[in-house]
Amino acid sequence: MRTHMCGELRSDQIGQTVSVCGWVGRRREHGEHLAFVDLRDHSGIIQCVVNDDVDVRSEYVLRITGTVRARPEGTVNDGLPTGEVEIGDCQVEILRQATPPPFPIDARADDVDENVRLQHRYLDLRRERMQKNLRVRSKINAAVRNAMDAQGFVEVETPMLVPSTPEGAREFLVPSRKEPGSFYALPQSPQLFKQLLMVAGVDRYYQMARCLRDEDLRADRQYEFMQLDMEMSFVTQDDVLDAVSEAVLDAAEVATGERPLPIERITWREAMDRYGIDKPDLRFGLELTELTPIFAATEFKAFAGAGAIKGIRVPGGADEYGRNQLDKLTDRAKSLGAKGLVWLKTTDEGFDSPVAKFLSDDEAAAVRSAMGAETGDLILVVADEWMTTCEVLGTLRNDLGRPPVHEGPYRYVWVVEFPLFVGVDKESGRPKPGHHPFTTPHPDDLDKIESDPLSVRSIAYDLVLNGWELGSGSIRIHEPDLQRRVFHALGISDEEAERKFGFFLNPFDYGAPPHGGFAFGLDRLVAILAGEENIREVIAFPKTQSGTDPMTNSPIPGDPKALAELGLKVLPPAT
RNA sequence: GGUCCCGUGGUGAAGUCUGGAGUUCACGCCGGCCUGUCAAGCCGGAGGUCGCGGGUUCAAGUCCCGUCGGGACCGCCA
């Protein structure tokens, strides 16, 4: 039907008779016997010179046959890859007429209400930007698959209809017709299956896995999302990180044409100390500075006895931030859990600050020196429990300096040695798992599981890109004694463990190899590499923030007959 | 569950604070003219439940209350 794609025609084809197919973009008519038609397919746009009087309108689907020729002197279009040539003597075949689209099928639709774009997603996807995104995604998928295959991983598909599991994200439930009142769940991840595949001796498993979580949506979260899910036997953390790195770096290379440097590592502790967050954005400074020792014997009540005192320095911020803005920053800090926020404006004489008079000369000088502050800088200080201090300043740091996620350069980082337990459950008073309850404790911290659980590190790691968590993983516990100790630390009795996790852990008794794995979100990786700051832009048919699809109108009310067959009855909405 | 922003011909915006006739701009659409344009140009035209409901007022796109839809974020996402 066609000999070339619209966007591939160049001077090389001059003289050739070609056929191209596509949609009518812009057209410029100069009377009955001359019209310029921009024909578009996914590869680009070619100008066709039509001398017949054919009625050709926006988005008509055409097949055009004609001769490639150089454009006349002075009419070359530098803005178009095909701009040196055009198709002349065009024979136009209308394959399908079209009604005018609700929005222009080009970059102008970037500004159109997203709801309208989603209502007509098939038209939105027709645009160059979205075509590019679909294709980048496809290339990344292929690169990831190739990388995993080349490393000896076996792609195994796991079920979409799985049992509901008690822990973790809220699940989507699927009613069973054969057993009314019983339900499957859609998998929030293939976690249990991939570990059982290790018991099965698969050794290296991977899957492009669709995961489903019934949690509220965000710019970086959809109900349904894709993960590169993988698991390996007889490995250390380094083996897992290397295998994942290979896939991620290959993906980055096909998407950007440039292979990133090896991914650096930082411990969770250092990430919190320096960036105040477990998914640090390394693209900008504003790092947290340790000030605790300076105030070891301070008389300033707000600082005395604080677990940690840290500051961030905003270069030249003294003039930039007025009283009003500083009050807002203080409110922000308080809403994040800090008792307050101390701000210091660096002057030639010392500090301009409401609390300047409470600082001794030595303390002021030490702060200035530790922060590397120069006149005109703004310093923000928080004094609180270590975790609170870090988190509050980390959030302020992001508020103040973080560029949009898709703006280069790309800064990948492995965050390792996550704590095994995070926080304490209000009801039980027991620690809560940081990653999941099957994560291996750090070998150096085994003796603290009972005595000081919150200080126990784990062999768990996250991959972070430009401040977005791409994914996480861990080395799993494969020995029953250690698993029992961790369960006990979590306040899970042997009986409860058997009831909740028996179906998953009992198979380990038949010989579970040491194993560990990882899963990272492809949508997020593709979005960043495609230069998008919202994963909806790299998903062909995404849901809105409230979980609806304006194109298909899903979700829709259940059909009474179908409900009856499933043994379901819909209750009136709670008031 | 919560906070904030947005909703005006097909599309994007202005008008809303400070109430006075559906007013304006650009794109698109329809018709006409036009043989080298590429954001083609020129002339003419059509197109509206100002998201929806209620209230205040002589009068509401504009003020108030509620509601629906979209977005950003918090909670949530082991």
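Numbers restart at 1 for each chain; the letters A, B, ... are given by sequence-line order, proteins then strands.
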Between B:rU37 and A:F36, is there a base-stacking contact, meaning the centre of the base's six-membered ring lies under 5.5 Å from the residue's ring centre while the planes stay under 30° apart?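 A:F36 ring centre within cut-off of B:rU37 base, planes near parallel; stacks.
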
Expressed in whole Å, how much space separates the [atom1] atoms belonging to [N] and [M]?
N	M	atom1	value
B:rG22	B:rG41	P	33 Å
B:rU24	B:rU8	C1'	12 Å
B:rC63	B:rG15	C1'	16 Å
B:rG51	B:rU57	P	23 Å
B:rC42	B:rA21	C1'	32 Å
B:rG28	B:rG69	P	34 Å
B:rU62	B:rU16	C1'	4 Å
B:rG61	B:rA13	C1'	15 Å

Check ion pair A:R121-A:D124 (N to O, under 4.0 angstrom):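 A salt bridge is present here (some side-chain N lies under 4.0 Å from a carboxylate O).
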
Tell me whether A:K279 is salt-bridged to A:E469, with the criterion being a basic N under 4.0 Å from an acidic carboxylate O.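 No.
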
Candidates B:rG36, B:rG28, B:rG10 - which lies nearest the side chain of A:R108: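 So the side chain of A:R108 is nearest to B:rG28.
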
Nearest-Å distance for atom pair [atom1]/[atom2], residues [X] and [N]:
X	N	atom1	atom2	value
A:D124	B:rU11	CG	P	14 Å
A:D53	B:rG31	CG	P	12 Å
A:E59	B:rC27	CD	P	19 Å
A:D110	B:rG12	CG	C1'	12 Å
A:D111	B:rG28	CG	P	15 Å
A:N51	B:rC34	CG	P	16 Å
A:D331	B:rU3	CG	P	17 Å

Return the set of residues passing side chain to side chain contact (heavy atoms under 4.5 Å, CB included) with [X] (not counting sequence neighbours), or none when no residue passes.
X	result
A:D111	none
A:P419	A:W268, A:V422
A:P101	A:S58, A:E59, A:I105, A:L123
A:T99	none

According to a strict under-4.0 Å criterion, is A:R117 in side-chain N/O contact with OP1 or OP2 of B:rU11?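 Negative; the distance criterion is not met.
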
Which part of the nucleic acid does [X] contact within heavy-atom distance under 4.0 Å: base, sugar-phosphate only, or nothing?
X	result
A:E469	nothing
A:R69	base
A:P72	base

Watson-Crick or G-U wobble mate for [N], both contacts under 3.5 Å:
N	result
B:rG48	none
B:rC58	B:rG20
B:rG28	none
B:rA72	B:rU3
B:rC77	none

Specify the residue among A:V49 and A:S58 whose closest nucleotide of RNA chain B lies further upstream toward the 5′ end.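 Final value for this comparison: A:S58.
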
Using a 4.0 Å heavy-atom cut-off, write out nucleotides 70-78 of chain B from 5' to 3' as B (base contacted by protein), S (sugar-phosphate only) or - (no contact). SBBSBBBBB

The contact string for nucleotides 38-44 of chain B, one letter per nucleotide 5' to 3', using protein heavy atoms under 4.0 Å with B, S and - for base, sugar-phosphate only and none, comes out as BSB----

Over 60° means perpendicular and under 30° means parallel, so classify the ring planes of A:F504 and A:F508, tilted if in between.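 Taking A:F504 first and then A:F508, their aromatic rings stand perpendicular (interplane angle over 60°).
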
Would you call the rings of A:F520 and A:F518 parallel, tilted or perpendicular, where under 30° means parallel and over 60° means perpendicular?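 Plane angle between 30° and 60°, so tilted.
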
Please check if the number of heavy atoms outside A:K132 that lie under 6.0 Å from its NZ is greater than 12.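 Yes, enclosed.
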
Going by distance alone, is a donor N or O of one side chain under 3.5 Å from an acceptor N or O of the other, for A:S11 and A:E84?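 Looking only at side-chain atoms, A:E84 and A:S11 do form a donor-acceptor pair, the distance falling under 3.5 Å.
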
Within 45 degrees of the ring normal and closer than 6.0 Å to the centroid, is that where the cationic atom of A:R397 sits relative to A:F284?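 Flagged: A:R397 positioned over aromatic ring of A:F284.
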
